[in-house]
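Here the structure is a predicted model, which is why all the values come from computation and not from measurement. Here is how names work: the chains are called A, B, and so on, in the same order as the sequence lines, proteins then strands, and each is numbered from 1.
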Amino acid sequence: GEDVEQSLFLSVREGDSSVINCTYTDSSSTYLYWYKQEPGAGLQLLTYIFSNMDMKQDQRLTVLLNKKDKHLSLRIADTQTGDSAIYFCAENSGGYNKLIFGAGTRLAVHP
Amino acid sequence: EAGVAQSPRYKIIEKRQSVAFWCNPISGHATLYWYQQILGQGPKLLIQFQNNGVVDDSQLPKDRFSAERLKGVDSTLKIQPAKLEDSAVYLCASSLTQLNTEAFFGQGTRLTVV
């Protein structure tokens with residue numbers, strides 16, 4: 001069935017890189033997404049990658065996709081305190097943009 | 001461009017009572033989604049509309065939940081009667097079409113059932 005798994009917590013020092021990992025099960029997913037959720041706010045799309053790509057870079061964000069292992073990662077370079085939030089990995093399923101979310105990784109950035 | 005609007009932001013009700021949530025999607029967006037996010041979990045799709053038709057309601061508990069999008073714009077989600085396990089944030093999202101385009105989320109309605 002459809003399932004997305006993430007580690008629940010990550011703590012990094014300000015200025016270091018953060019790497020958040022995700023595994024998914026639906027090999028037919030055409031897009032994979034990273035969303036950010038700050039306290040009391042809705043979900044904000046950070047970036048996405050098409051399934052035939054291996055890597056996508058967008059400013060401080062780098063997404064790596066290993067389709068064979070169904071593994072997705074998000075790297076945030078030069079992590080800042082404003083990056084503290086919950087990060088959700090999601091796959092689209094069923095061809096109708098139905099998003100299947102992981103449980104989220106809480107990123108804590110400390111000085 | 002205005003975002004997805006939801007109301008109310010917060011609601012506290014007793015179990016067995018009824019509650020309704022309202023969503024106004026981004027203008028021109030044909031696809032509207034309702035997600036349920038239980039504390040500590042990722043959002044789970046309840047129902048997806050394409051204009052005023054239902055595309056997917058496979059995870060909607062139809063004995064107590066209902067949703068409508070009569071004119072293909074605004075939508076309401078109702079719970080009747082509510083149970084304790086319905087306590088969650090209900091997120092509305094919209095996208096231009098149903099085909100792999102970005103979904104924009106509202107701030108959500110936090111429901112507490114006591």
Side-chain angles (χ1 to χ4, degrees), chain A residues 1-9 20-26 28-53 56 58 63 72 74 85-107, chain B residues 1-10 21 23-26 29-51 53-60 88-110 112:
Chain A
E2 306 152 338
D3 195 17
V4 176
E5 294 191 357
Q6 305 177 234
S7 53
L8 294 182
F9 189 76
I20 302 172
N21 294 301
C22 167
T23 57
Y24 62 97
T25 56
D26 188 353
S28 66
S29 293
T30 50
Y31 287 89
L32 295 132
Y33 303 83
W34 285 104
Y35 279 85
K36 177 183 180 182
Q37 187 175 41
E38 295 179 276
L43 292 161
Q44 173 197 356
L45 179 65
L46 279 181
T47 187
Y48 63 91
I49 188 167
F50 190 50
S51 60
N52 69 352
M53 296 171 64
K56 180 179 179 181
D58 184 0
V63 179
L72 183 73
L74 173 69
I86 301 176
Y87 291 80
F88 291 93
C89 169
E91 60 175 349
N92 77 316
S93 180
Y96 290 112
N97 213 22
K98 172 182 176 179
L99 296 176
I100 308 297
F101 286 88
T105 299
R106 182 177 295 275
L107 174 65
Chain B
E1 179 183 79
V4 176
Q6 290 188 247
S7 66
R9 286 296 311 278
Y10 306 93
F21 313 126
C23 173
N24 186 0
I26 293 173
H29 280 197
T31 310
L32 185 146
Y33 315 79
W34 283 103
Y35 284 84
Q36 179 193 58
Q37 186 177 17
I38 294 172
L39 187 65
Q41 298 181 19
K44 181 184 81 172
L45 180 70
L46 292 176
I47 189 167
Q48 178 178 345
F49 291 95
Q50 176 68 13
N51 296 309
V54 175
V55 173
D56 186 338
D57 63 356
S58 57
Q59 296 195 83
L60 186 75
V89 175
Y90 290 84
L91 295 164
C92 179
S94 70
S95 62
L96 199 57
T97 73
Q98 64 185 3
L99 298 175
N100 298 322
T101 56
E102 180 179 352
F104 294 84
F105 283 80
Q107 289 187 295
T109 296
R110 181 178 296 278
T112 303

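Between Y31(A) and E102(B), the closest side-chain pair of non-hydrogen atoms is not below 4.5 Å. Between L45(B) and L99(A) there is no side-chain heavy-atom pair separated by less than 4.5 Å.
Looking at R9(B), the atoms closer than 4.5 Å to chain A (heavy atoms on both sides) all sit in the side chain, from C-beta outward. Interface residue Y35(A): only side-chain heavy atoms are found under 4.5 Å from chain B. With a threshold of 4.5 angstrom between heavy atoms, Q37(A) approaches chain B through side-chain atoms but not through N, CA, C or O. Looking at S58(B), the atoms closer than 4.5 Å to chain A (heavy atoms on both sides) all sit in the side chain, from C-beta outward. For Q41(B), the part lying under 4.5 angstrom from a heavy atom of chain A is the backbone only. Proximity to chain A (any heavy atom under 4.5 Å) is shown, for A103(B), by both the backbone and the side chain.
Between atom CG of residue L43(A) and atom CD of residue Q37(B) there is a gap of 6.0 Å, rounded to the nearest 0.5 Å. Separating the NZ atom in K98(A) from the CD atom in Q59(B) is a distance of 5.0 Å, to the nearest 0.5 Å.
Heavy atoms only, all atoms of each residue included: P43(B) and F101(A) are closest at O-CD1, 3.4 Å.
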